[in-house]
Amino acid sequence: MTSPGPSSRKRPSVTLPTLLDIEASGFGRGSYPIEIGLARADGSDCAFLVQPLDDWTHWDPKAELLHGISRARLHREGLPVQQVARWLNDELGSIGIAYSDSWGYDNTWLSLLFHHAGVLPAFRLEALRILLDERQLALWHATREALIQELGIHRHRAGEDARLLQLTYLRTRQLVDNS
């Protein structure tokens with residue numbers, strides 16, 4: 001009896017991490033989350049605009065140029081912070097973890113959201129970096145740029161950015177596994 005050749009072996013499937021991305025009113029003191037996006041483990045993505053609280057007044061026009069979301073649109077279409085916090089807990093509570101490529105900023109904005117919602121998060125946010133090995137890191141930038149071109153991804157929108165991170169993770173993982 002002969003053993004199966006290399007081509008007939010099944011490669012283990014890659015489990016996709018859940019990625020979270022946040023767009024904000026700007027950077028630094030006084031900034032706050034305006035859009036939160038998720039890329040789920042099943043490959044789907046979603047995003048919600050956040051309605052600013054009355055005392056969230058910081059607004060950086062340069063940030064608006066990047067994400068293209070106006071403050072007026074947030075007031076019109078944004079969801080209340082309590083609703084966004086509950087939605088995040090519903091989405092991520094059973095998983096218990098999500099990853100971010102900008103952990104320092106995203107964790108600060110997430111903490112602000114949950115604080116003002118009066119809700120404790122049912123998950124933790126970790127830096128995406130902990131999932132990547134050195135070979136993936138070396139391939140990251142070029143792979144991400146190639147995916148943006150291939151897929152026509154619109155940057156600086158939370159749902160699409162979260163999905164881009166997830167796809168970049170997957171492709172760099174595949175490149176490393178196949179090398």
Engineer: What I want to find out is whether R157 reaches E35 closely enough, with some N-O distance under 4.0 Å, to be called a salt bridge.
Structural biologist: yes
Engineer: Tell me every residue that passes side-chain hydrogen bond (donor to acceptor under 3.5 Å, both in side chains) with E126, counting only those two or more places apart in sequence or in another chain.
Structural biologist: R124
Engineer: Are L110 and Y105 connected, step by step, through hydrophobic side chains (Ile, Leu, Val, Met, Phe, Trp, Tyr) whose heavy atoms are closer than 4.5 Å?
Structural biologist: yes
Engineer: So, the side chain of H67 versus the backbone of A24: is there a donor-acceptor pair under 3.5 Å, distance only?
Structural biologist: yes
Engineer: Determine whether a donor-acceptor pair (N or O, by modelled atom type, separation under 3.5 Å) exists between the side chain of S25 and the backbone of Y32.
Structural biologist: yes
Engineer: Salt bridge or not for E150 and R171, using N-O below 4.0 Å?
Structural biologist: yes
Engineer: Are I22 and I153 grouped together when hydrophobic residues (ILVMFWY) are joined by side-chain heavy atoms under 4.5 angstrom apart?
Structural biologist: no
Engineer: Which atoms form the tightest heavy-atom contact between Y169 and T15, and what is the distance?
Structural biologist: CE2-O, 4.1 Å
Engineer: Count I, L, V, M, F, W, Y as connected when their side-chain heavy atoms are under 4.5 Å apart, and connections chain through other members. Are L16 and L125 then in the same cluster?
Structural biologist: yes
Engineer: Q136 and L175: side-chain contact (heavy atoms from CB on, under 4.5 Å), yes or no, with the steps?
Structural biologist: CA-CA 8 Å; Q136 282 178 280; L175 289 167; over 6 Å; no
Engineer: Please report the interatomic distance OG1(T143) to CD(Q174), rounded to the nearest 0.5 Å.
Structural biologist: 10.5 Å
Engineer: So which atom in L92 and which in A98 form the shortest heavy-atom distance, rounded to 0.1 Å?
Structural biologist: CD1-CB, 4.1 Å
Engineer: Could you walk me through whether R163 and S44 satisfy the side-chain contact (heavy atoms from CB on, under 4.5 Å) test, starting with their C-alpha distance in whole Å, then the side-chain angles of each, then the deciding distance to 0.1 Å, before giving a yes or no?
Structural biologist: CA-CA 8 Å; R163 183 68 177 135; S44 65; over 6 Å; no
Engineer: For L19 and D161, what are the C-alpha separation, side-chain angles and deciding distance, and is it a side-chain contact (heavy atoms from CB on, under 4.5 Å)?
Structural biologist: CA-CA 9 Å; L19 275 294; D161 279 357; over 6 Å; no
Engineer: Can you measure from CG (L147) to CG (L167) and round to the nearest 0.5 angstrom?
Structural biologist: 6.0 Å
Engineer: Could you check whether any side-chain N or O of S70 sits under 3.5 Å from a backbone N or O of R73, counting only pairs where one atom can act as donor and the other as acceptor?
Structural biologist: yes
Engineer: Could you tell me whether a side-chain N or O of N107 sits under 3.5 Å from a main-chain N or O of W103, the two making a donor and an acceptor?
Structural biologist: no
Engineer: If you count every heavy atom of other residues, nucleotides or ligands that lies below 6.0 Å from L120 atom CG, does the total exceed 12?
Structural biologist: no
Engineer: Using a 4.5 Å cut-off on heavy atoms from C-beta on, say whether the side chain of L165 contacts that of T168.
Structural biologist: no
Engineer: Would you call V119 and F114 a side-chain contact if the rule is heavy atoms closer than 4.5 Å?
Structural biologist: yes
Engineer: Output yes when a side-chain donor or acceptor of D106 lies under 3.5 Å from a complementary backbone atom of S100, and no otherwise.
Structural biologist: no
Engineer: Please determine whether residues L65 and F27 belong to a single hydrophobic cluster, defined as Ile, Leu, Val, Met, Phe, Trp and Tyr linked transitively by side-chain heavy-atom distances below 4.5 Å.
Structural biologist: no
Engineer: Is the closest side-chain heavy-atom distance between D101 and W140 below 4.5 Å?
Structural biologist: no
Engineer: Could you walk me through whether R173 and D177 pass the salt bridge (charged side-chain N to carboxylate O under 4.0 Å, His left out) check?
Structural biologist: CA-CA 6 Å; R173 178 78 184 269; D177 287 350; 3.6 Å; yes
Engineer: So, R40 and D45, do they make that salt bridge, N to O below 4.0 Å?
Structural biologist: no
Engineer: Checking the side chain of E160 only, and the main-chain atoms of H154 only, is there a donor and an acceptor separated by less than 3.5 Å?
Structural biologist: yes
Engineer: Looking at every non-hydrogen atom in both residues, tell me the closest pair between A158 and G37 and how far apart they are.
Structural biologist: CB-N, 3.2 Å
Engineer: Does Y99 reach the side chain of L131, with side-chain heavy atoms less than 4.5 Å apart?
Structural biologist: yes
Engineer: Applying the 4.5 Å side-chain criterion to the ILVMFWY set and letting contacts propagate, would I34 and W109 be lumped into a single cluster?
Structural biologist: yes
Engineer: Taking R129 for its side chain and L132 for its backbone only, find out whether a donor-acceptor pair lies under 3.5 Å.
Structural biologist: yes
Engineer: Could you give me the CA-CA distance, side-chain angles and deciding distance for L20 and L88, then say whether side-chain contact (heavy atoms from CB on, under 4.5 Å) is met?
Structural biologist: CA-CA 10 Å; L20 181 141; L88 284 166; 4.0 Å; yes
Engineer: So which heavy atom on A122 is nearest to which on N89, and how close?
Structural biologist: N-OD1, 2.6 Å
Engineer: Between R155 and L164, is any pair of side-chain heavy atoms under 4.5 Å apart?
Structural biologist: yes
Engineer: Name each donor-acceptor pair under 3.5 Å that joins a side chain in residues 47-61 to protein atoms two or more places apart or in another chain, with its distance.
Structural biologist:
unit_1 : atom_1 : unit_2 : atom_2 : d
Q51    : NE2    : H75    : O      : 3.2
W59    : NE1    : E64    : OE1    : 2.8
D60    : OD1    : K62    : N      : 2.8

